[in-house]
Amino acid sequence: MQIAHVVNYAPVLSGMYGTVRDLYFAEKALGHEVGIIDDVSSQAFYGDKYGADGVTPVGTAFGDAADIICWHHAMHEPWLNEPHRNIVLFLHGTPEFNLFTELYGEERALSLIMGAARMGVPKALVTMWARHVPLWEGLFNQEVHLIPAWIDLKAFKPSKLKPDPDLIRIALVDHWRLTREPMGLILGIEWLRKHTKKRLQVDIWGLNEMPNDTWKAVLCWPFENDIVKLRGNTEDTMKDIYHQADMVLTMSSEETRVVREAYACGVPVVCGHEKMPFTAYSVEPLYAERVAETITQCHQDLLAGHGKMRQRLRRYAEKHFDVHKAAHVVLSIFDEVLQKHGTPNKPRQLLPGGQRRVHSTLETLQALRERLKRKTPVRSEERRVGKECR
């Protein structure tokens, strides 16, 4: 099978690109011909780092001949108007984020993908989080496959860092989010600093980006008072973060790349959302003292048995995040698409000569607006429950 992944390129292991990169190698290991197509011109920006991670992006000509085209980020526009293309849409982001950016006019991604789905452009839809399935199916009114998110476990080894009873080492790792969660976590760290005799070592990392003005405002006081260290971005995530921290703090409510990498290294995660099923340490960051209590409890549990905790978290990662297990399920979806729709050379679906399906983002946005005006609900019997593929 020839498979093309279209994604924004970045030579780091965290985020969307790292997730696609792991799948790329897993598919190649199973004997398939796989290529990553860079949807932006990154070579000039990244210079000699371009391709240093073992992947050399290919051109769109590779996608022209591919049996399956995986839509992760932007998409080569001509393919959207060619019915014989077998496009599989991977929904990496959260539905609410796409709704909010659409609402406030920052991006038109949701109207584009909804319009494309309405016209049958993607032959299959995939999400990596169970919580998203009913939301996406409500928007698209069609089945969404669930494949739990993955990483290459071989790239990560359990940490051997021994916790210090007098020092709490914290890594706050995430994208710079314009939400209240970072403020709540920082305030919790400040509160802990004032109410504990233990020393704090707090390193803050933004994944391949620098903080915006909102984050700078939040970090002003703790940074000036030497409570936290703003580390910028990192490429060597294992060395610089997970193996030097007792715990990882994150604002995400999903098992994001940060969570999956931390668990692969046996490092616990403190989540800035309450009652998250993947961690025993989740807290609503509205009250600083509750954040401080959760951090303290995590550190106490490490002191009581860090060896067993690291083994338990590693086993969790092996059970839920193994890219090789996920690759088999992804390929089974690709097989279903090929059986139903044929290959690009022998398609089973063609539109009348010259007819286009997708004209522009504005056109699909208008179609979405018309649907909202009609106020036509999605009837429950018309929605199929996404099946968890494991």
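Quick caveat: nothing in here was measured; it's all calculated off a predicted structure. Only heavy atoms go into these numbers, but all of them, side chains included; no hydrogens, no water, no symmetry mates.
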**Q** Any side-chain to backbone donor/acceptor pair from Asp67 onto Gln2? Under 3.5 Å, distance only.
**A**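 Here the side-chain-to-backbone pair exists.
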**Q** Between Lys28 and Glu33, does any side-chain N to carboxylate O distance fall below 4.0 Å?
**A**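 No, this pair does not count.
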**Q** Would you call the rings of His76 and Trp79 parallel, tilted or perpendicular, taking 30° and 60° as the class edges?
**A**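 His76 vs Trp79 ring planes: perpendicular.
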**Q** Is it true that Arg85 and Asp64 have a side-chain N and a carboxylate O under 4.0 angstrom from each other?
**A**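 Looking at Arg85 and Asp64, the cut-off is met.
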**Q** Is the closest side-chain heavy-atom distance between Arg257 and Ile151 below 4.5 Å?
**A**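 Heavy-atom side-chain distance check passes, below 4.5 Å.
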**Q** Hey, does the side chain of Asp322 reach the backbone of Asp152 with a donor-acceptor pair shorter than 3.5 angstrom?
**A**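 Checking the backbone N and O of Asp152 against the side chain of Asp322, no donor-acceptor pair under 3.5 Å is found.
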**Q** Determine the interplanar angle of the Trp191 and His195 rings, folded into 0 to 90°, and report it as parallel if under 30°, tilted if 30 to 60°, perpendicular if over 60°.
**A**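 Rings of Trp191 and His195: parallel, under 30°.
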**Q** Are Ile69 and Met75 close enough that some pair of their side-chain heavy atoms sits under 4.5 Å apart?
**A**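 Of all side-chain heavy-atom pairs linking Met75 with Ile69, at least one is under 4.5 Å.
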**Q** Heavy-atom distance under 4.5 Å between the side chains of Ile68 and Leu338, does that happen here?
**A**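 Yes, at least one pair of side-chain atoms sits under 4.5 Å.
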**Q** Considering all heavy atoms of both residues, which atom of Ile189 and which atom of Leu200 are nearest to each other, and what is their separation?
**A**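 In this case the closest contact between Ile189 and Leu200 is O-CD1, 3.8 Å.
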**Q** Measuring from Leu139:CG to Ile113:CD1, what's the distance to the nearest 0.5 Å?
**A**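 CD1 of Ile113 is found 8.5 Å from CG of Leu139.
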**Q** What heavy-atom pair brings Val291 and Gly184 nearest, and what distance separates the two atoms?
**A**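 So the minimum-distance heavy-atom pair works out to CG2-O, 4.0 Å.
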**Q** Under the criterion side chain to side chain contact (heavy atoms under 4.5 Å, CB included), I'd like the reasoning laid out for Glu254 against Thr94: C-alpha separation, chi angles, the key distance, then a yes or no.
**A** CA-CA 9 Å; Glu254 322 291 349; Thr94 65; 4.0 Å; yes
**Q** Of all the heavy-atom pairs spanning Val337 and Ala124, show the shortest one and how long it is.
**A**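 Where Val337 meets Ala124 most closely, the heavy atoms are CG2-CB, 3.9 Å.
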**Q** Supply the atom-to-atom distance Met119 CE to Leu80 CG, rounded to the nearest 0.5 angstrom.
**A**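 The distance works out to 10.5 Å.
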**Q** Is there a donor-acceptor pair under 3.5 Å between the side chain of Thr256 and the backbone N or O of Ser252?
**A**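 Between the backbone of Ser252 and the side chain of Thr256 there is no qualifying donor-acceptor contact (under 3.5 Å).
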**Q** Salt bridge or not for Lys194 and Glu190, using N-O below 4.0 Å?
**A**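 So Lys194 does not pair with Glu190 through a salt bridge.
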**Q** With a 4.5 Å cut-off on side-chain heavy-atom distances among I, L, V, M, F, W and Y, is there a chain of contacts connecting Phe334 to Leu30?
**A**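 In one cluster with Phe334: Leu30, yes.
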**Q** Run the side chain to side chain donor-acceptor pair (under 3.5 Å) check on Tyr242 and Glu261 step by step: do they pass?
**A** CA-CA 8 Å; Tyr242 306 114; Glu261 290 178 348; 2.6 Å; yes
**Q** If I compare all heavy atoms of Cys271 with all of Met276, which pair ends up nearest, and what's the gap?
**A**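 For Cys271 versus Met276, the nearest heavy atoms are SG-CG, 3.5 Å.
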**Q** Main chain of Arg310, side chain of Arg315: is a donor-acceptor contact present, judged purely on distance under 3.5 Å?
**A**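 Between the backbone of Arg310 and the side chain of Arg315 there is no qualifying donor-acceptor contact (under 3.5 Å).
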**Q** Can Val126 and Val144 be said to form a side chain to side chain contact (heavy atoms under 4.5 Å, CB included), step by step?
**A** CA-CA 6 Å; Val126 176; Val144 176; 6.0 Å; no
**Q** Report yes if some heavy atom in the side chain of Cys70 is under 4.5 Å from a heavy atom in the side chain of Val6; otherwise report no.
**A**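 Side chain of Cys70 against side chain of Val6, heavy atoms only: no contact under 4.5 Å found.
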**Q** Verify side chain to side chain contact (heavy atoms under 4.5 Å, CB included) between His145 and Thr127, making sure each step is shown before the conclusion.
**A** CA-CA 6 Å; His145 296 275; Thr127 186; over 6 Å; no
**Q** Taking C-beta and beyond as the side chain, do His32 and Leu331 meet within less than 4.5 Å on heavy atoms?
**A**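 With C-beta onward as the side chain, the pair touches.
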**Q** Taking atom NZ of Lys308 as the centre, does the number of heavy atoms from other residues, nucleotides or ligands within less than 6.0 Å exceed 12?
**A**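 Open.
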**Q** First locate atom CH2 of Trp129, then atom OG of Ser253, and finally report the distance between them rounded to the nearest 0.5 Å.
**A**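 Here the interatomic distance stands at 9.5 Å.
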**Q** First locate atom CD1 of Ile295, then atom CZ of Arg290, and finally report the distance between them rounded to the nearest 0.5 Å.
**A**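 Answer for the CD1-CZ pair, Ile295 versus Arg290, is 13.0 Å.
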**Q** With no hydrogens and no angle check, do the side chains of His320 and Lys325 hold a donor and an acceptor under 3.5 Å apart?
**A**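 Looking only at side-chain atoms, Lys325 and His320 do not form any donor-acceptor pair under 3.5 Å.
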**Q** Is there a side-chain contact between His72 and Leu89 (heavy atoms, below 4.5 Å)?
**A**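 They are not in side-chain contact.
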**Q** Hey, could you give me the CD/CG distance between Glu318 and Leu313, rounded to the nearest 0.5 Å?
**A**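 Taking CD in Glu318 and CG in Leu313, the distance rounds to 11.0 Å.
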**Q** Minimum heavy-atom separation for Thr19 to Trp150, with atom names?
**A**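 The pair with the smallest heavy-atom distance is O-NE1, 2.9 Å.
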**Q** For a 4.5 angstrom cut-off between non-hydrogen side-chain atoms, does Leu167 reach Arg169?
**A**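 Heavy-atom side-chain distance check passes, below 4.5 Å.
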**Q** Compare every heavy atom of Gly93 with every heavy atom of Trp136, then report the nearest pair and how far apart it is.
**A**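 Scanning both residues completely, I find the closest heavy atoms to be CZ2-O, 3.5 Å.
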**Q** Tell me if a side-chain donor or acceptor on Arg260 pairs with a main-chain N or O of Glu255 at a distance below 3.5 Å.
**A**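 Yes; judged by distance alone, with no hydrogens or angles, the pair exists.
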**Q** Any side-chain heavy atom of Phe90 sitting closer than 4.5 Å to one from Val7?
**A**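 No. Closest side-chain heavy atoms not under 4.5 Å.
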**Q** Side-chain heavy atoms nearer than 4.5 Å, only ILVMFWY residues, links allowed to pass through others: does that put Trp71 and Leu110 together?
**A**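 Yes.
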**Q** Do Phe278 and Tyr316 make the cut of ring centroids closer than 6.0 angstrom?
**A**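 Between Tyr316 and Phe278, which both carry aromatic rings, the centre distance is not below 6.0 Å.
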**Q** Starting from the C-alpha separation in whole Å, work towards a yes-or-no answer on side chain to side chain contact (heavy atoms under 4.5 Å, CB included) for Phe321 and Tyr263.
**A** CA-CA 9 Å; Phe321 305 145; Tyr263 280 15; 4.1 Å; yes
**Q** Main chain of Glu274, side chain of Ser282: is a donor-acceptor contact present, judged purely on distance under 3.5 Å?
**A**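 No; zero donor-acceptor contacts below 3.5 Å.
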**Q** Examine Met16 and Ile36 and state if one hydrophobic cluster contains both, with Ile, Leu, Val, Met, Phe, Trp and Tyr joined whenever side-chain heavy atoms are less than 4.5 Å apart.
**A**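 Looking at the clustering, Ile36 is in the same group as Met16.
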**Q** Cys298 and side chain to side chain contact (heavy atoms under 4.5 Å, CB included): which partner among Thr279, Val270, Asp246, Val269?
**A**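 By the side chain to side chain contact (heavy atoms under 4.5 Å, CB included) criterion, Cys298 pairs with just one of Thr279, Val270, Asp246, Val269: Val270.
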**Q** Does Leu192 belong to the same Ile/Leu/Val/Met/Phe/Trp/Tyr cluster as Met183, with side-chain heavy atoms less than 4.5 Å apart forming each link?
**A**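 Leu192 and Met183: one cluster.
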**Q** Answer yes if Trp205 and Leu161 sit in the same cluster of Ile, Leu, Val, Met, Phe, Trp and Tyr residues linked by side chain heavy atoms under 4.5 Å apart, and no otherwise.
**A**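 Each belongs to a different hydrophobic cluster.
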**Q** Under 4.0 Å between a side-chain nitrogen and a carboxylate oxygen: does that hold for Lys340 and Asp335?
**A**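 Salt bridge absent between Lys340 and Asp335.
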**Q** Which distance, rounded to the nearest 0.5 Å, do you find between the CD of Glu82 and the CD1 of Ile87?
**A**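 Going from the CD atom of Glu82 to the CD1 atom of Ile87 covers 8.5 Å.
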**Q** Determine, step by step, whether His243 and Lys160 satisfy the side chain to side chain donor-acceptor pair (under 3.5 Å) criterion, reporting the C-alpha distance in whole Å, the side-chain angles of both residues, the deciding distance to 0.1 Å, and the verdict.
**A** CA-CA 7 Å; His243 286 222; Lys160 296 181 180 179; over 6 Å; no
